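Since the model is a prediction, treat every value here as computed from it, not as a measurement. A, B, ... follow the sequence lines: proteins, then strands. Residue 1 opens every chain.
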2 protein chains.
Amino acid sequence: LAAKGGANAKPFLEEAAKAVGKPLASLEVAKALDEKLSKLPSNQRSSFLVPRNGGLPETDASLAPPQEECVYLVGNSLGLQPSKTKELVCEELDKWASLGVNGHFTGDRPWMPIDENVLEQSAKVVGAEKSEVAIMNSLTVNLHLLFVSFFRPNGKRNKIMYEAAAFGSDYFAFESQARLHGLDPKEVLLPIKARDQELLRTEDIVSAIEAAGDTLATVCFGTVQYYTGQFFDVPTITNAAHKVGATAMWDCAHAVGNVDLKLHEWEVDGACWCNYKYLNSGPGAIGGFFVHRKHHDKGLPLLAGWWGQKQSTRFNMAHNWDPEADAGAWRLSNPPVLQTVSLLASLEVFSRTTMAELRGKSMLLTTYLESLLRDSFGADLSVITPSLPARGCQLSLKFSQEKACLATFSALEKRGIVVDHRKPNVIRVAPAPLYNTFVDVQRFCAAFREALEEATGEPAAKRAKA
Amino acid sequence: LAAKGGANAKPFLEEAAKAVGKPLASLEVAKALDEKLSKLPSNQRSSFLVPRNGGLPETDASLAPPQEECVYLVGNSLGLQPSKTKELVCEELDKWASLGVNGHFTGDRPWMPIDENVLEQSAKVVGAEKSEVAIMNSLTVNLHLLFVSFFRPNGKRNKIMYEAAAFGSDYFAFESQARLHGLDPKEVLLPIKARDQELLRTEDIVSAIEAAGDTLATVCFGTVQYYTGQFFDVPTITNAAHKVGATAMWDCAHAVGNVDLKLHEWEVDGACWCNYKYLNSGPGAIGGFFVHRKHHDKGLPLLAGWWGQKQSTRFNMAHNWDPEADAGAWRLSNPPVLQTVSLLASLEVFSRTTMAELRGKSMLLTTYLESLLRDSFGADLSVITPSLPARGCQLSLKFSQEKACLATFSALEKRGIVVDHRKPNVIRVAPAPLYNTFVDVQRFCAAFREALEEATGEPAAKRAKA
Ligand SMILES: Cc1ncc(COP(=O)(O)O)c(C=O)c1O
Ligand SMILES: Cc1ncc(COP(=O)(O)O)c(C=O)c1O
């Protein structure tokens, strides 16, 4: 399933439809596909709590039976809750109640080194060595910490290259980091605009990097673009940056737990991510942080705190900075316990499979989604997400009319379909590899046809012909 | 009770003893004192979960009945759990399970603006206006964020003044902030050493500030010193810093929820704190952050993130930095929900009283503690914490012998007394104003006598005479 580029996806789907003897878009085929995949370790739906239609704010009971599970396709925004999260969180609360401060050094999962419990599996999920990962803070904080280490303007080498449509928070980080060095953002920020609509071509990025040459200090991109769903060619871009002497940092918010990252192998200098999307660790979950091994123990500039000090001397309070020899050196504060075990609950699910397996399943799911939607596309509606392998699980559906987009979104909500609306006119649909099913996708597509009809007043059959 | 300087504390205690007709150190007087205070709003012990002896790792059942509550005097390290914490945390987990991503905008306590629930009471606890406070990140991260805004070296004005015995993490922050500006820490760090043992005199600090004059960029002190328990004269030091044109930042880790802070009135520029000590929000709790109103909306340099953007345009993703007009501008990331409601559970308890009332009660409790311990002090053991008003609730007991210190600490542990050992030879004892009682203090003092006898082989009676 994890075949490169997902070229096998379509034949696999068509064969399944043939075996059932029904159209690919039928519920029967979706069920057969789920059945086929049900025993694979990548199928972890039963480890999650799926909201029911009746609990959602906008569902219409006549269109979405209140007791049924909703169709949750918004892991790109907030992942589902693992069934074990509450148990782990309550365990820590109980330890606090019965042990007080002794919980720092006592019990199965002492708090002082509690992040030890989430490093190895976090590293696996992003394709890193354990020593390259720290679990701490939040995404934007970690992005700033990376910049302090890897954006080191020096004379004319002072430019930051980034997507012209970067996530707002990242842009604000770039701008304020430029200012921190007394640089004028107007002069040093180098946004890369897409030649074709929203999509950036790798060759354009590489050319821009080469053109910037020795004026380029750093390159920082979203790994999977939050809006378009484009999965950038991380190794090629990183390599191009290195060739001109620049560093490469990657915001993996929409990539982690979605695509099969190889941060170590790709020679990425630094990366950060959040754990509330495909990593299912809850609203405002703890952040992830990566620094490549080649940069460890080199005295890189960083914002220091006692938690980066070697554990053996950390509590001596001596004023001699003697940091950990790995990514742990970037930690500042004692770890947040509830946040850490929320991540642990999710990583335990990830530990039953691999990102390669998940990516394989995900390519099938999203290919299936795109096939079933094809009929609905036209001049007023298109998918702006590129084809495999340049995407993860998310498809971004762009409407020409903002009104139709909003109306479709509302009609979906009434039907218990949870997707995501991005201003002004995009609906993002993301079958999460870990818990979404073919039936989820099939139900979404059926509802989407209805929603589109309701929103545009145009019968689906007519659209299909257009 | 909140009388200035606590001058009334001793007469109050002595009167109570007289009324009972027993020595001040007797359990009867402790009980009478608790009874006297039991109806005051500052008595919130019943709102907390107190660990039992049997659950602690080192207690000896023959010395500490397993079913009895331990004597918990270590709120300076990790505060007790409010009884309501689990309920609030589970409520959010349940919302996540039933609403998924819709929890961001739905329900009683939507996640998007969830920090709104903890701003007002946090502000009250530190003596600030609501607009001056942000609840985010962790202490050391927040200290760095303050430095980016308030440590702005300029020519010869580049020095950072701090306690020579500052908490390690703060020192590492000072050093790395100096480096961030390309400065040599050796040249710009200005540690203030104590003239008398560990204690810094206000007049020495003020003289040092005046001597540094226009070379001084910033002053940053622990508000209550973590080791000695000294409560610095914040307004006088802040004012002296301002007079020479420097900024003043305060690490309030050991002060918040302990002493009656007036950050706004004292004209403090910036402050940060943790919420896991006297604020009872659990291990690795979310941090607190203060920026004085006079610095709002002035375009101060900061490390920016989308959560600092005005809420009305935050989700537009436009690349025009248009920050909130208050301390909220310093926020970087979307708020961590479980951490925020853990703080909320504790702040609900604080909202039933005031810091002035708590400070009043605290002065009684710690004066009582010191009186009862007086007999034990001698050449080999002394209290290094200054007298009122220059201290909070913590007393630091310093042993001349490291071995005796450790042995006493162990003997206390066996007796179900939870205090804190600081390398090499200090035991910190902190009756938290919100939940500790006179009986706690009395039991500690009785156990301390026994522990000291066990540790030193010297009968208490002999010590008392010495
Ligand atoms: C005075 C003081 N400053 C800073 C810190 C560091 O706190 P954190 O680990 O929350 O950053 C502590 C922690 O105990 C402290 O007591
Ligand atoms: C691509 C990307 N970068 C950065 C962020 C900001 O994340 P945080 O609020 O966790 O700092 C997000 C949040 O959704 C994101 O999607």
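- The shortest side-chain heavy-atom distance between B:K423 and A:N316 falls under the 4.5 Å cut-off.
- In this structure, the side chains of A:C90 and B:C90 come closer than 4.5 Å at one or more pairs of heavy atoms.
- Evaluation of the salt bridge (Lys or Arg N to Asp or Glu O under 4.0 Å) test over residues 303-313 of chain A, restricted to residues two or more places apart or in two chains, returns A:K310-A:D322.
- At least one donor-acceptor pair under 3.5 Å links the side chain of A:Q81 to the backbone N or O of B:L93.
- Residues B:H144 and A:A304 share a closest heavy-atom pair of NE2-O, 2.7 Å.
- Here the side chain of A:H319 pairs no donor or acceptor atom with the backbone of B:A165 at under 3.5 angstrom.
- With respect to chain B, the highest number of heavy-atom pairs below 4.5 Å among A:G55, A:A173, A:S333 belongs to A:S333.
- Residue contact with chain B, scored on non-hydrogen atoms closer than 4.5 Å, involves the side chain of A:R422 exclusively.
- A distance below 6.0 Å separates the ring centres of B:F167 and A:W306.
- Of the inter-residue distances, the one linking B:S98 atom OG with A:R52 atom CZ reads 11.0 Å to the nearest 0.5 angstrom.
- To the nearest 0.5 Å, the span separating CG on B:L303 from CG on A:L303 amounts to 7.5 Å.
- Most heavy-atom pairs under 4.5 Å with chain A: of the set B:S138, B:G168, B:A97, B:G182, this distinction falls to B:A97.
- Residues of residues 103-112 of chain A having a heavy atom under 4.5 Å from any heavy atom of chain B, listed by number: A:H104, A:T106, A:W111.
- Taking 4.5 Å as the limit, every side-chain heavy atom of A:N334 sits out of range of all side-chain heavy atoms of B:P283.
- Applying side-chain contact (heavy atoms from CB on, under 4.5 Å) to B:V101 and the options A:L78, A:N76, A:D420 leaves one that passes, A:L78.
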